[in-house]
Amino acid sequence: MRNICFIIALFLNLANSRAQANKTFNSIMRTTGSATMYDGYKPLMYGFADNPVVDISFPAKTWIATEGDSVYIKAWNISQDHHTIHLHGLDVDMMNDGDPMTSFELDHQEKFTYKFKAKHAGTFLYHCHTADVVHVQMGMYGMVVVKPQDPMTAWTGGPRFEKEYSFLMSELDSTWHNKPPKHDTTSMTVRIPKYLPSYFLINGKSKQLFTDTILGNTSSNIYLRLANIGFYDNQVILPAELNAWIIDSDGRPLPKARKRDTLNISPGERYGVMVNSSIAIAGSIKVNFVELNTNSIRGYENIRYQINNTVGVEQTLNNQLLAIYPNPATDAVNIGTSMAIGGTVTITNSLGQQVQWQPIVSETTLFSISSLPKGLYLVAVNYLNGGTATKMKLAKE
Ligand SMILES: [Cu+2]
């Protein structure tokens, strides 16, 4: 009997040790970073780097841990300013919560190893909490993902997925970056300028620089982690064909999943959305950036998706032939035509009149549509061999 107990104890121990590990991340704090915006503007950035000889990552790298892990973040401030790391949404003790009011800040050349236990799966954030409005705007933020033991599920015992994607929304106001607001050490306040962002970012990028595309197969679950670290609300428009369900919020499963075509994400919030399309289709999820005071939309970005049919080969090919982004579009649109080189792309208005066409010479054909009136258009790919045209709607705004 004692032997059996010993074997069971040993087994439980082994199971435990497989489940729990130590994860260590480096976080070098800098105030001399850079990033590139879609129009070539290179703002001064504050941020976190993996090691002292490389530039910051913007956004900071995602820290991925597994449920049960002990996570260690080796922070080292090599800048002249003060910084902390606040683990937003994670359960940490006061020493590790990075709030300068309740814990401490790292001064020039100071180091500290922040610790937390990854108790349960979910999507979280981290950011500097020193003059946090300023240091967050300057770029000191990133995502923390805690995965369950089975990495292809949303949480332990939660729904399975075939693929997952993370999207972190924020904005950037060049005025702040051209002259970062400084901390007044006597009054312990920061005079902050009016917030008028001109860059609306997803994963630190916008417009033609934001090329992340959700790729998946028909009738398969795709899990989206959506988080907002900006100062505006995000209004996420989920097209009906994606059959989107909001399944978790702020690192916890929702008691009851909600089917939604619009999702509002306030600053600091995170949502898990499961999408599953029964049809092969390409399109985009629109993210509006909404100013909180006036409730007006100040900018938008599109997250492209392309769902391929896993059954019919012909349909798979057809679907790969046409991807339109952004859609809706205002000035220019990229039409992905990877399999139809030698053919043509045409844009037809609602009266059936062809308004533009171009030969397909590369995988993506760029159309300027700024002169077209607002409305719905039909984009068609005509193959070289005269096969059936593939068509999709394009909305000009
Ligand atoms: Cu900071």
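Residue numbers run from 1 in the order of the sequence given. Order of appearance sets the numbers: ligands from 1, and atoms from 1 within every ligand.
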Between Lys205 and Asp212, is a salt bridge (Lys or Arg N to Asp or Glu O under 4.0 Å) present by the stated rule, with each step listed?
CA-CA 10 Å; Lys205 295 191 163 67; Asp212 298 16; over 6 Å; no

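For the residue pair Asn178 / Tyr41, a side-chain donor-acceptor distance below 3.5 Å is found, with atom types taken as modelled.
Within His83, the N, O or S atom at minimum distance from the Cu ion (ligand 1) carries the name ND1. Closest to the Cu ion (ligand 1) among the N, O or S atoms of His135 is ND1.
The Cu ion (ligand 1) has no N, O or S atom of His129 under 2.8 Å away, backbone or side chain.
Between His88 and His86, the ring-plane angle classifies as perpendicular under the 30° and 60° cut-offs.
Just one residue in the list Asn327, Asn334, Thr213 forms a side chain to side chain donor-acceptor pair (under 3.5 Å) with Arg304, and that residue is Thr213.
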